[in-house]
J.: 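Okay, handing you the structure first.
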Amino acid sequence: GKQSSVINPESPLDFLTQKLGRVGEYELPSILVHSGHGDEHGFQLANGKRMSKDFIELLEATEGVIELFFADSCHSAEFASAYELIESKKVRTFVGHIGMGDESIDVHTFKLYFFDAISKGECVGNAIFKARQRLNPDEPASGSFVLLGDPRTILSLTRLPQLSQNSSNQ
């Protein structure tokens, strides 16, 4: 299948919004990871602007599909739902917070466990379950991250962003 490309520079949404809409010049990444401030109306970009409905219009004008959009931002699931990211057919699977995002170490550990499972070929739905189970074996349904879209999505990764200093030792 298609090999996944990963965008996770310092400010991935700023980077992406500069590239979108250039038909034929740029294709959407397979994975988009965003960590930052957000609410049900959009995500705050590094330049202080807010990404909202105009982002959806840019997505629709760009080739390709984002297989996994992982948003570690408050109310990101509400934003994705309100602006119909999944229905736009430009985002296949979305993982984000419902309500306020938790900034505890558990959230960061969840991301590590989630992307570890993804890198081992797990589908997104199983990766979420396994990450939750590793964090809280007694109640794996806990946590504020939710999945919108196709839980069966499996990504063929050529590489993942470095998630921790110890990732090269594994």
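The figures that follow rest on heavy atoms only: side chains count, while hydrogens, waters and symmetry mates do not.
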J.: Can you list the residues that meet the salt bridge (charged side-chain N to carboxylate O under 4.0 Å, His left out) rule with Lys89, with sequence neighbours excluded?
T.: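 Listed in chain order: nothing, the list is empty.
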J.: Only counting residues at least two apart or in another chain, list the ones meeting ring-ring contact (aromatic ring centres under 6.0 Å, His included) with Tyr113.
T.: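 Scan of Tyr113 (ring-ring contact (aromatic ring centres under 6.0 Å, His included), adjacent residues dropped) gives none.
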J.: Nearest 0.5 Å, what's the OG-NE2 distance between Ser144 and His75?
T.: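 Spacing of OG (Ser144) from NE2 (His75) equals 10.5 Å.
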J.: Atom CZ in Arg92, atom CD1 in Ile66: separation rounded to 0.5 Å?
T.: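 Those atoms lie 13.5 Å apart.
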J.: Can you list the residues that meet the side-chain contact (heavy atoms from CB on, under 4.5 Å) rule with Lys130, with sequence neighbours excluded?
T.: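 Only Glu122 meet the side-chain contact (heavy atoms from CB on, under 4.5 Å) criterion with Lys130.
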J.: Going from CD1 on Ile31 to CG on Leu155, what distance comes out if it is rounded to the nearest 0.5 angstrom?
T.: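 So the gap between those two atoms works out to 4.5 Å.
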J.: Go through the structure and list residues passing side-chain contact (heavy atoms from CB on, under 4.5 Å) with Leu147, not counting sequence neighbours.
T.: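 Leu147: side-chain contact (heavy atoms from CB on, under 4.5 Å) contacts with Thr93, Val95, Val124, Ile128, Pro151.
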J.: Report the relative orientation of the aromatic rings in Phe110 and Phe70; use parallel for angles under 30°, tilted for 30 to 60°, perpendicular for over 60°.
T.: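 The rings of Phe110 and Phe70 lie parallel, inter-plane angle below 30°.
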J.: Do Ile98 and Glu78 make a side-chain contact, defined as non-hydrogen atoms from C-beta onward lying under 4.5 Å apart?
T.: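 Yes; the side chains approach each other to less than 4.5 Å.
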J.: Going by the rule side-chain contact (heavy atoms from CB on, under 4.5 Å), which residues pair with Arg152 if we only count those two or more places apart in sequence or in a different chain?
T.: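 For Arg152 the side-chain contact (heavy atoms from CB on, under 4.5 Å) partners, ignoring immediate neighbours, are Asp150.
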J.: Please find the pair of heavy atoms, one from Leu148 and one from Ala80, that lie closest to each other, and give the distance.
T.: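 Taking Leu148 first and Ala80 second, the nearest heavy atoms are CD1-CB, 3.8 Å.
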J.: What's the spacing between Ile118 CD1 and Asn126 CG if we round to 0.5 Å?
T.: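 Answer rounded to 0.5 Å: 9.0 Å.
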J.: Using a 4.5 Å cut-off on heavy atoms from C-beta on, say whether the side chain of Leu135 contacts that of Thr109.
T.: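 The answer is yes, as the side chains (C-beta and beyond) meet within the 4.5 Å cut-off.
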J.: Side chains of Phe129 and Gln133, heavy atoms from C-beta outward: is any pair under 4.5 Å?
T.: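 A side-chain contact under 4.5 Å exists here.
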J.: Is there side-chain contact between Val33 and Lys111, with heavy atoms separated by less than 4.5 Å?
T.: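 The answer is no, as the side chains (C-beta and beyond) never meet within the 4.5 Å cut-off.
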J.: Excluding sequence neighbours, so at least two apart, what forms side-chain contact (heavy atoms from CB on, under 4.5 Å) with Ala71?
T.: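 Scan of Ala71 (side-chain contact (heavy atoms from CB on, under 4.5 Å), adjacent residues dropped) gives Phe43, Phe69, Ser76, Phe94.
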